Amino acid sequence: MASSSPLPLHTTPNLNPSHSKPTKIKQTQSFKPTQKLHEENKSYFHQISSLCKQSQIKQAITLLTEMNLKDVQIGPEIYGELLQGCVYDRALSTGQQIHARILKNGGFYSTNEYIETKLVIFYAKCDLLDVANQLFGKLERKNVFSWAAIIGLCCRMGSHEKALMGFNEMHKDGFFPDNFVIPNALKACSALQMIGFGKGVHGYALKMGYDSCVFVSSSLVDMYGKCGLLEDAKNVFDEIVDRNVVTWNSMIVSYVQNGMNEEALKVFYCMRMVGVEPTRVTVASFLSAAANVEAGDEGRQGHAIAVISGLEVDNILGSSLINFYSKIGFIEDAELVFSNMFDKDVVTWNLLISGYVQQGKIEDALDSCRRMRSENFGFDSVTLATILSASAKVRNMELGKECHSYCVRNNLDSDVVVANSIIEMYGKCESTDKARRVFEKTIQRDLTLWNTLIAAYAESGLSGEALKLFYQMQLEGVPPNVVSWNSVISGFLRNGQVTEAETLFSEMQCLEIQPNLITWTSLISGLAQNGHGDRAIRYFQEMQNRGLQPNTVSIISLLSACINISSLEFGKAIHGYIIRSQLFSSLSIVTSLVDMYAKCGNLHLARKFYDTVNYKELPIYNAMISGYSLHGQAGEALEVFKQMQNEKTKPDEITFTGLLSACNHAGLVDKGLKVFSDMISEYQMKPSIHHYGCMVSLLSRCENLDEALRFVLEMPLEPDAQILGTILSACKEQNNIELGEYLSQYLFKMEPDNPGNYVALSNTYAAAGRWDEVLKLRNIMKEKKLRKNPGCSWTQIGTELHAFVAGDKSHSQTKVIYETLAWLEKEMRFTHQHNMYD
DNA sequence: ATAGGGTTAG
């Protein structure tokens, strides 16, 4: 049998378009030897073949040895079967043994096209690039099968250019790429984003009739999806008659990868309607879509479907679940999935950490990092980028620095995303110099990196420097995008440089950079914060005229601009917009609305919207409490607090700030003391300096100066100037000059240019009739060119003066009184009591 | 043939 050439090899593709399963095609294109075999050989062949199919290649090799010993002829097809068995099992060393036997058996076998092809396929499937290439290069006659193996290998190895070159070359040599080669070629096209090539392959597949093969058509859907051509992906998908799970999955994945999450969810439901059983890929992709649009119910259904379908939770499905649960804020469920996975990897850990960071649980995130390390997982660039942006978020430069040096030690700082997070961290901590040094050391300066540096300067109040960088990036050939413009503009607005901001705003439009929602929102709220509420409203209208719909974030930001300028009118305009565009579904918007009405002076409306919410959360309780507090309605504020206790909502520091300042405004000492002690003992919270401030102010105003002082002396925090100032202001009512002078000593050192302290001490002196001291202080203010703050009051002095004059029959201090009077008149046009000496 | 994680502006 050995002498004749054994092979009817197909070197032209099968053009029959009817087959939908590649396995069928494989059979029709078989290149097994067909000559008549010796009977004994035949029996061995059957035994070996069936052993190979049962993955018992070792036993098959024993039979091969037996054949050798019995001197039975060994046909090439036997080696072929054996090699095929090794391919299925990825049994590299066994395959190499067979290869050795082939070589030992001499030239016929090792130069037999059938065996040579099988060897190329074997080595290619085992990912031995060099060996496979070498054998392929030595082939005297290539064929579709060896080409397919090589092209597939190139794809797996990431050599996509080589894969496409192979596709062209085989075609040029007269071998027609079949439905095994086409999916690989398409994969290479999407990896290289070569849409033109991909379309060419599509055309070729149509011409050759391969479009009816699901493998080919599913790959086309995937390719178009990965290249962002969703229309084409959808068109191909719609044309497919026999869709399988992979086809559906490819369509879902295409939508997810292009941010069309709603569509992805819809495709999933269609797939369920048709009755196709989902796989792990289906559920994982569906969960990504659900996570991206924070579709809680849908995602949970996905989880249920995975359980019902008995899908094994592998790393990928598990991490999709963790991602989903942490994106919708159900970190406990994410933790549960995490702890039930028995094969964790870096990605799983990173997702848990990132989930904690998203929920603001920085301590838990760091704790997970420690656990991750104790279980022998190293941090990668993703871990570091996550922790770095957490450090930036909470402005913890100590932590940030630690991360930075870890990156340097482990060569992670060359990763652009990591470098970007480092720069952002230093920027948020107002260390622009450090941010810049990192920027300068980074070799790959992309647009994002520039934008982050610009934002670092802009947010630190260095708007001029930000603008300089904005020009510099253009000199270095990086054109700015909307983000860059936005940062520079909001940097100016933060500094009150309204004109500069507006100039840039019109400039960007001349350069045909379209302002987006963020541009508009920053401009509007920036103008409002700088006291141009009217112009802010006009910009808001202009924005709507141009067809831009505000989203939840911009609405909230607009409402806080209303609060900033206390403009009920602007607030009502936005409220009108909210009603018209049916944005009421969002709890955060209703909360902001309540906040706006409470702070802009319409407590009644605030309460009305507060009452419409059935399932309240902490922020809306806080908004209502602070609203009542502002209006001095402590009883109502405490009522809301009781309500939230009934609903088992845990208060936070903001809640207590509201409650304490409500008691403070209403002068309710006992209630204030009760809330304060509840905060510490019942809720185990540490009061901040602000909370102490409220108490001190409350106690000192209610003529309980000693108690207030005791509070200050016993507080675990260093008292700040504001607290001392509060007591100082109270000194006048108690006629306590001694304490006033004592506190002033500190205050004048702590904040030498705060006129409030001078005014407070002056009032104390005035209350005691010490007009000479009042004038002395006034002269110091004059020397220092200090102007009285709008909040500080001279009225006290006037009142005291009036009373003093009335009682001072001896006119012993006439001169100094006249002087004081003259000054007061000038200061605050204190004319209405001009006739008190008449 | 299909699947998971980290970056910039409000």
Side-chain angles (χ1 to χ4, degrees), chain A residues 22 155 179-180 182-184 186-187 213-223 225-226 244-254 256-257 279-288 291 314-324 326 345-355 357 380-390 392 412 415-424 427 446-456 458-459 481-491 493 516-526 550-551 553-558 560-561:
Chain A
C155 262
N179 53 341
F180 283 84
I182 293 171
N184 278 322
L186 290 171
K187 198 178 187 181
C213 166
V214 250
F215 277 59
V216 171
S217 47
S218 299
S219 299
L220 280 167
V221 172
D222 177 62
M223 183 273 292
K226 290 227 163 61
N244 64 12
V245 213
V246 180
T247 322
W248 285 97
N249 290 350
S250 301
M251 196 64 235
I252 294 173
V253 169
S254 294
V256 176
Q257 282 172 343
T279 62
R280 288 197 298 260
V281 182
T282 323
V283 179
S285 317
F286 176 74
L287 285 167
S288 291
D314 66 348
N315 269 331
I316 295 178
L317 182 52
S319 30
S320 305
L321 282 165
I322 295 173
N323 181 42
F324 162 71
S326 55
D345 64 9
V346 209
V347 178
T348 338
W349 279 102
N350 285 344
L351 270 164
L352 184 73
I353 294 167
S354 145
V357 172
D380 68 359
S381 47
V382 178
T383 328
L384 264 304
T386 311
I387 297 298
L388 274 161
S389 66
L412 297 173
D415 181 305
V416 262
V417 180
V418 170
N420 192 63
S421 304
I422 297 173
I423 295 169
E424 195 206 350
D446 63 5
L447 178 60
T448 308
L449 213 66
W450 277 101
N451 285 346
T452 305
L453 189 67
I454 291 176
E459 284 174 29
N481 66 356
V482 217
V483 180
S484 338
W485 285 92
N486 288 348
S487 291
V488 184
I489 291 175
S490 71
L493 289 167
N516 62 14
L517 258 188
I518 297 177
T519 327
W520 284 101
T521 316
S522 351
L523 189 70
I524 294 166
S525 60
N551 60 15
V553 186
S554 45
I555 289 284
I556 292 171
S557 151
L558 291 175
S560 79

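Predicted model, so just to flag it, every value in this text is computed and none were measured. Every chain is numbered from 1 and lettered A, B, ... according to where its sequence line falls, protein lines coming before strand lines. Keep in mind that the numbers below use all heavy atoms, side chains included, and drop hydrogens, waters and symmetry copies.
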#### Entry: Minimum-distance nucleotide to A/Thr448 side chain [options: B/dA3, B/dG4, B/dT7]
B/dT7
### Message
Using only modelled atom types and a 3.5 angstrom limit, is any donor from either the side chain of A/Asp415 or the base of B/dG6 paired with an acceptor on the other?
### Response
yes
### Task
Assign A/Asn315 to base, sugar-phosphate, or nothing according to its heavy-atom contacts below 4.0 angstrom with the strands shown.
base
### Task
Figure out the CG/C1' separation between A/Leu558 and B/dG10, and round it to whole Å.
9 Å
### Query
Taking DNA chain B as the partner, which of residues 246-253 of chain A come within under 4.0 angstrom of it by heavy atom?
A/Val246, A/Asn249, A/Ser250, A/Val253
### Message
What's A/Val482 touching, base or sugar-phosphate or nothing? Going by heavy atoms closer than 4.0 Å.
### Response
nothing
### Summary
Picking from B/dG4, B/dA9, B/dG10, the nucleotide nearest the side-chain atoms of A/Ser288 would be B/dG4
#### Entry: d(CG, A/Leu447; P, B/dT7) in whole Å
16 Å
### Task
Can you check whether any acceptor in the base of B/dG4 is under 3.5 Å from a donor in the side chain of A/Ser320, or vice versa?
no
### Message
Minimum heavy-atom separation for A/Cys155 and A/Asn184, please, with both atom names.
### Response
SG-O, 3.1 Å
### Task
Go through B/dG6, B/dT7, B/dA9 for me and flag the one nearest to the A/Ser421 side chain.
B/dT7
### Task
Specify the separation, in whole Å, of atom CH2 of A/Trp520 and atom C1' of B/dG10.
14 Å
### Query
Of the candidate nucleotides B/dT8, B/dG4, B/dG10, which contains the atom at the shortest distance from the side chain of A/Ser522?
B/dG10
### Query
Can you find a donor-acceptor N/O pair under 3.5 angstrom joining the side chain of A/Ser319 to the base of B/dG4?
yes
### Closest heavy-atom pair and its distance - A/Ser389, A/Glu424
CB-OE1, 4.2 Å
### Task
Look at the side chain of A/Arg280 and decide which nucleotide, out of B/dG10, B/dG4, B/dA3, has an atom nearest to it.
B/dA3
### Task
Would you kindly give the CG-to-C1' distance between A/Asn481 and B/dG10, to the nearest whole Å?
15 Å
#### Entry: Reference residue A/Ser487; test side chain to side chain contact (heavy atoms under 4.5 Å, CB included); the match among A/Ile454, A/Ile518, A/Val482
A/Ile454
### Partner residues of A/Asp222 under the side chain to side chain donor-acceptor pair (under 3.5 Å) criterion, sequence neighbours left out
A/Lys226
### Query
When we call it a touch if two heavy atoms are under 4.0 Å apart, what does A/Ser219 touch: a base, just sugar-phosphate, or nothing?
sugar-phosphate
### Query
Do A/Ser319 and A/Thr348 have side-chain atoms, one donor and one acceptor, less than 3.5 Å apart?
no
#### Entry: Spacing between A/Asn184 atom CG and B/dT2 atom P, to the nearest angstrom
9 Å
### Message
Rounded to whole Å, please give me the gap between CD1 in A/Ile423 and P in B/dG6.
### Response
20 Å
### Summary
Side-chain contact check for A/Ile316: nearest option of B/dA9, B/dG6, B/dG4 is B/dG4
#### Entry: Phosphate OP1/OP2 of B/dA1 contacted by A/Lys226 side-chain N/O (<4.0 Å)
no
### Query
What pairs with A/Asp314 under salt bridge (Lys or Arg N to Asp or Glu O under 4.0 Å), at least two apart in sequence or on another chain?
A/Arg280
### Query
Hey, does A/Asn516 reach any base, or is it just sugar-phosphate, or nothing, if we go heavy atoms under 4.0 Å?
base
### Query
From the list B/dG10, B/dA3, B/dT8, which nucleotide is the closest neighbour of the side chain of A/Val483?
B/dT8
### Message
Main chain of A/Val553, side chain of A/Ser557: is a donor-acceptor contact present, judged purely on distance under 3.5 Å?
### Response
no
### Query
For the residue pair A/Phe286 and A/Ile252, what are the closest heavy atoms and their distance?
N-CG2, 4.4 Å
### Query
Over how many whole Å does the gap from A/Lys187 atom NZ to B/dA3 atom C1' extend?
12 Å
### Task
Take the protein atom CG of A/Leu351 and the nucleotide atom P of B/dG4, then report the distance between them rounded to whole Å.
11 Å
### Message
When you measure from the side-chain N and O atoms of A/Gln257 to the phosphate of B/dA3, is any distance below 4.0 Å, counting only OP1 and OP2?
### Response
yes
### Task
Among A/Asn481, A/Asp446, A/Asn420, find the residue that satisfies the side chain to side chain donor-acceptor pair (under 3.5 Å) test when tested with A/Asn451.
A/Asn481
### Message
With hydrogens left out and only the distance checked, is there a donor-acceptor pair under 3.5 Å joining A/Asn420's side chain and the base of B/dG6?
### Response
no
### Task
Classify the nucleic acid contact of A/Thr452 as base, sugar-phosphate or nothing, counting any heavy atom under 4.0 Å across all strands shown.
sugar-phosphate
### Query
Checking all strands, does A/Ser381 fall into the base, sugar-phosphate, or nothing category for heavy-atom contacts under 4.0 angstrom?
base
### Query
Within the structure shown, what part of the strands sits under 4.0 Å from A/Ala385 by heavy-atom distance: base, sugar-phosphate, or nothing?
base
